[in-house]
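I have placed the structure first, in the form of structure tokens, so that the comments after it can refer back to it.
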Amino acid sequence: MSTEKGAKLFKQRCAQCHTVAAGGGHKVGPNLNGLFGRKTGQGEGFSYTEANIKKGITWGEDTLMVYLLNPKKYIPGTKMVFAGLKKEKDRKDLIAYLKESTA
């Protein structure tokens, strides 16, 4: 896993809708700081869909691997329009970056 490659993926595929900085604001999507160990739909101050709130899983490497493959399949009704990352290596790199940058 490469946090450098993950950072590049985040910038290219995620940063238009998400931030990772502590205390950073929300964009179209929620700020991801503190993501690991948080339940779906629980980021403070963001308006989540009912589907996201009711999914009730806790974000971790395992759940993100499945979610980032196809977000709309994992959480039907999510407003996230991202199609997903099909390559397992890309998902692992992105998760490594998120784990480091959102702690």
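Within the 4.5 Å cutoff, side-chain heavy atoms of Leu94 are placed close to those of Phe10. In this structure the side chain of Val20 reaches within 4.5 angstrom of the side chain of Leu98, judged on heavy atoms. Looking only at side-chain heavy atoms (C-beta outward), Lys89 and Lys5 come within less than 4.5 Å of each other.
Ion pairing between a basic and an acidic side chain is recognised when a charged N comes within 4.0 Å of a carboxylate O; Glu88 and Lys92 show such pairing.
Atoms OG1 and CG, on Thr102 and Leu35 in that order, are 5.5 Å from each other to the nearest 0.5 Å. Rounding to the nearest 0.5 Å gives a distance of 11.5 Å between CG of Asp90 and NZ of Lys8. Considering CD1 of Ile57 and CG of Asp62, their distance stands at 8.0 Å, rounded to 0.5 Å. Atom OG of residue Ser2 and atom OH of residue Tyr97 lie 12.0 Å apart, to the nearest 0.5 angstrom. Within the model, atoms NZ of Lys39 and CG of Asn52 stand 13.0 Å from one another, a figure rounded to the nearest 0.5 Å. How far NZ of Lys27 is from CG of Leu32: 10.5 Å, rounded to the nearest 0.5 Å.
Between Ala51 and Pro76 the shortest heavy-atom distance is CB-O, 3.1 Å. The two residues Arg13 and Leu85 come nearest to each other via the heavy atoms NH1-CD2, 3.3 Å. Heavy atoms only, all atoms of each residue included: His18 and Pro30 are closest at ND1-O, 2.8 Å. Across Gln16 and Gln12, no two heavy atoms sit closer than the pair OE1-O, 3.7 Å. What you find for Val81 and Lys72 is that their closest heavy atoms are CA-CE, 4.3 Å. The two residues Lys79 and Ser47 have their closest heavy-atom pair at NZ-O, 2.6 Å.
At distances below 3.5 Å, not a single donor-acceptor pair connects side-chain atoms of Thr78 with backbone N or O atoms of Ile75. Looking at Thr40, its side chain does come within 3.5 Å of a backbone N or O of Gly56 through a donor-acceptor pair. Although no hydrogens or angles enter the test, the distance criterion places no donor-acceptor pair under 3.5 Å between the side chain of Thr58 and the main chain of Arg38. A distance-only check finds a donor-acceptor pair linking the side chain of Arg91 to the backbone of Met65 [under 3.5 Å].
Lys86 NZ: more than 12 foreign heavy atoms inside a 6.0 Å radius.
Classified by interplanar angle (parallel below 30°, tilted 30° to 60°, perpendicular above 60°), the ring pair Tyr74/Tyr67 is perpendicular.
One side chain, Asn31 or Thr19, offers a donor N or O that lies under 3.5 Å from an acceptor on the other.
For the side chain to side chain contact (heavy atoms under 4.5 Å, CB included) test, residues two or more places apart in sequence or in another chain that qualify with Glu61 are Phe36, Ile95, Lys99. Here Tyr48 pairs with Phe46 under the ring-ring contact (aromatic ring centres under 6.0 Å, His included) rule; sequence neighbours left out.
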